[in-house]
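The chains referred to below are lettered A, B, ... by the order of the sequence lines, with proteins before strands, and numbering in each begins at 1.
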2 protein chains.
Amino acid sequence: MAATLVSSNRSFRGRQSVYKHASATTKCEMTFGVYIPDHQPEEKLPTLFYLSGLTCTHANFMEKSGFQQFASKHRIVVVHPDTSPRGVDIEGDSDSWDFGKGAGFYVNATVEKWAQNYRMYDYIVKELLEEVAPSVAPIDAARVGIFGHSMGGHGALTIGLKNSSKFQSISAFAPICNPITVPWGQKALSGYLGEDQSTWLDYDASELLKKYTGPKREILVDQGEADNFLGQLKPDTLKATENAGVTVRMQKEFDHSYYFIASFMEDHFEHHAKILKAI
Amino acid sequence: MAATLVSSNRSFRGRQSVYKHASATTKCEMTFGVYIPDHQPEEKLPTLFYLSGLTCTHANFMEKSGFQQFASKHRIVVVHPDTSPRGVDIEGDSDSWDFGKGAGFYVNATVEKWAQNYRMYDYIVKELLEEVAPSVAPIDAARVGIFGHSMGGHGALTIGLKNSSKFQSISAFAPICNPITVPWGQKALSGYLGEDQSTWLDYDASELLKKYTGPKREILVDQGEADNFLGQLKPDTLKATENAGVTVRMQKEFDHSYYFIASFMEDHFEHHAKILKAI
C-alpha cells in the first residue's frame with residue numbers, strides 16, 4: 001500500500017522525511033525514514049540502506065548520527081527502517097529489550113508465534129527495497145549499498161552477503177559478528193527460528209563469510225575498543241575472515257554509542273560512494 | 001562546589017562529557033555538557049558557550065546538532081548548559097513549555113517567587129564561565145565566544161553584547177530577536193521581571209544593538225524561511241541593525257528544528273574560529 005508522509009525537514013542540500021505504510025510482509029503498519037538529496041526530475045541516485053541496533057526505531061539514526069551531511073555531499077539516498085514490527089502485539093514481544101519489539105534481528109521467523117509478523121529479512125530485501133522505498137525516493141537499483149550498527153550491523157552483513165546482486169557495497173559499525181555463539185544471538189535465533197541450530201547458520205555473518213563465493217567485496221567494519229558489548233559482538237571472529245575482504249578497524253577509546261557512529265560516518269560514506277559511483 | 005562527572009563518551013578527536021554540580025547562583029543542582037578536544041597538558045583552548053532553546057536540556061544539542069565534528073576539527077571547547085533550574089520545584093514552573101522549567105530565558109529574575117533560583121544570566125556569565133567550566137575544561141578565558149538557538153539565540157546575543165570583554169564572538173540560529181514585542185518574550189519578561197517594561201529592555205537584542213558602543217562585532221545569524229515561529233523571532237528587526245555588524249542569512253526551506261541547526265553548524269564554527277584564533 002502507498003506510503004504516507006509523516007514528517008519532512010530540510011536538511012543540508014536535501015530533505016529528511018519519515019513515512020509509514022501498511023506492510024504486506026509484516027502484516028502491520030511500518031515506519032521508515034529516508035533522506036533524499038536534491039536531484040533533477042527523473043534522475044536516479046545511489047542508495048544506502050541503514051539498519052539500526054537493538055531498541056532503536058527508525059529515528060535514532062536520523063537524529064543522532066549526523067549522516068545527512070555526507071548523504072548530501074555524496075548525493076546518496078539513505079533509507080532507514082525500523083528494527084521490528086510494532087503495529088502488532090504478540091504476547092512476550094515487550095518482555096525484554098533484546099527480543100521482540102525493537103529486536104527483529106533481520107530474520108524471517110519460522111516459529112509459529114512470530115512467523116506471521118517477524119519477517120524483517122523479507123521486509124527489507126523485498127518489500128522496502130523493491131517496492132516501497134522506490135515509490136518515494138529516486139533509487140538507482142543498480143547502485144545500492146547496506147550498512148548498520150550492532151544488531152543492524154549483523155543485518156547489513158548477512159543481508160548484503162546473501163543478496164550480492166542487490167547490494168553492491170557493505171559496511172558496519174560494531175556489528176554482531178557471530179550471533180550463533182553469543183547470548184544475544186542465541187536468544188533471538190532460538191526464539192525466532194527454533195532449536196535446530198543448522199537453521200541459524202544462514203543468519204551468521206562469520207559463517208556466511210566462510211562459504212561466500214559471490215563477487216569480491218571490500219567490507220569496512222569499525223569497532224570501538226571501549227565497547228561494553230565486545231563479548232556479544234566478537235569482532236575477532238570477523239577479523240579472522242579478512243581474507244574474504246573484510247577490514248576490521250579497532251578504534252581506541254570509542255564505545256558502542258552514536259558518538260562512536262557519528263565519528264566514523266564520513267569514512268563509511270566515502271567507502272560506499274567509492275564503490276557505488278564506480279558502477 | 002566541585003562538578004561531578006555524569007557521563008563521558010569518546011567523540012571524534014575528543015570527549016563529550018556531562019557534569020552536574022550544586023549551583024550557588026540557582027541554589028539547586030545544575031547539569032551541563034562539555035566537549036573537550038584532545039590537548040596537551042597545560043594547553044588552553046578557545047571555547048564556545050552554546051545556549052539552547054525552549055524545552056531543551058543540555059542534551060538536545062549534544063545528541064542532535066553534530067557539533068562535535070567541528071569542535072574537534074577546530075579544537076574548540078564547547079560548554080552547553082541547561083535552559084533553566086530543574087533541581088527545585090516552584091508552583092507554576094511546569095504549567096507551560098514556554099515559562100519556568102526549560103524556559104529560563106537567560107535573565108536574572110526579580111519577581112520574588114522566581115528570584116532565588118531563576119538567575120540563568122548570572123549562572124552563565126559568572127558561575128559557569130568563570131568557575132565551574134574552567135574546573136573541568138582547558139578554557140582560554142581570553143578567547144571565548146557564545147552562540148545559541150531560538151531562546152538560546154536571544155541569550156547568546158544579549159549576553160554576548162552585554163559582556164563584550166568576556167565573549168569575543170557571537171552567532172545565533174533562529175534567535176528571538178526582539179522579545180519585548182512578542183508573546184514568548186512578553187510572557188517570560190513580565191513573569192520573571194514584572195510589569196515595568198523599562199526593565200525588559202536590557203534583555204532585548206534589538207534594543208541592546210541600538211545603543212551598543214562596545215568593540216566592533218561581526219555577528220552571524222541564520223534563520224530558516226520555513227520556520228513556524230517567525231512571528232516570535234522577528235529576524236527583520238535584527239536585520240534592520242545590520243549596520244551594527246549583524247548579518248542575517250535567510251535560509252530557504254529550512255525550519256526551526258535541529259536539522260536546520262546541523263545544516264549550518266560548520267559555518268558557525270568557522271565564524272567563531274576565525275575570530276577567536278585571530279586573538
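Proximity to chain A is limited to the side chain of B/Gln16, based on heavy atoms less than 4.5 angstrom apart. No part of A/Arg13 comes within reach of chain B, as not one of its non-hydrogen atoms sits under 4.5 angstrom from that chain. Both the backbone and the side chain of A/Glu253 come within contact range of chain B, each with at least one heavy atom under 4.5 Å from a heavy atom of that chain. Heavy-atom distances place no part of B/Tyr258 under 4.5 Å from chain A, backbone and side chain included.
Other residues, nucleotides and ligands contribute at most 12 non-hydrogen atoms within 6.0 Å of the CD atom of A/Glu218. Annotation for A/Lys274: atom NZ does not count as buried by contact number, only 12 or fewer foreign heavy atoms lying within 6.0 Å. More than 12 heavy atoms of other residues, nucleotides or ligands sit less than 6.0 Å from atom NZ of B/Lys187. More than 12 non-hydrogen atoms from other residues, nucleotides or ligands lie less than 6.0 angstrom from NZ of A/Lys44.
Remark: of the listed residues B/Tyr259, B/Phe260, B/Phe254, B/Phe254 is the sole one forming a side chain to side chain contact (heavy atoms under 4.5 Å, CB included) with A/Arg10.
Residues B/Met265 and A/Gln69 have side chains not in contact (no heavy-atom distance under 4.5 Å, counting atoms from C-beta outward).
Per-residue counts of heavy-atom pairs under 4.5 Å with chain B were compared for A/Gly224, A/Ser11, A/Ala262, A/Ser257; the largest is that of A/Ser11. Highest contact tally toward chain B, considering only A/Gly66, A/Ser72, A/Ser263, is held by A/Ser263 [criterion: heavy-atom pairs under 4.5 Å].
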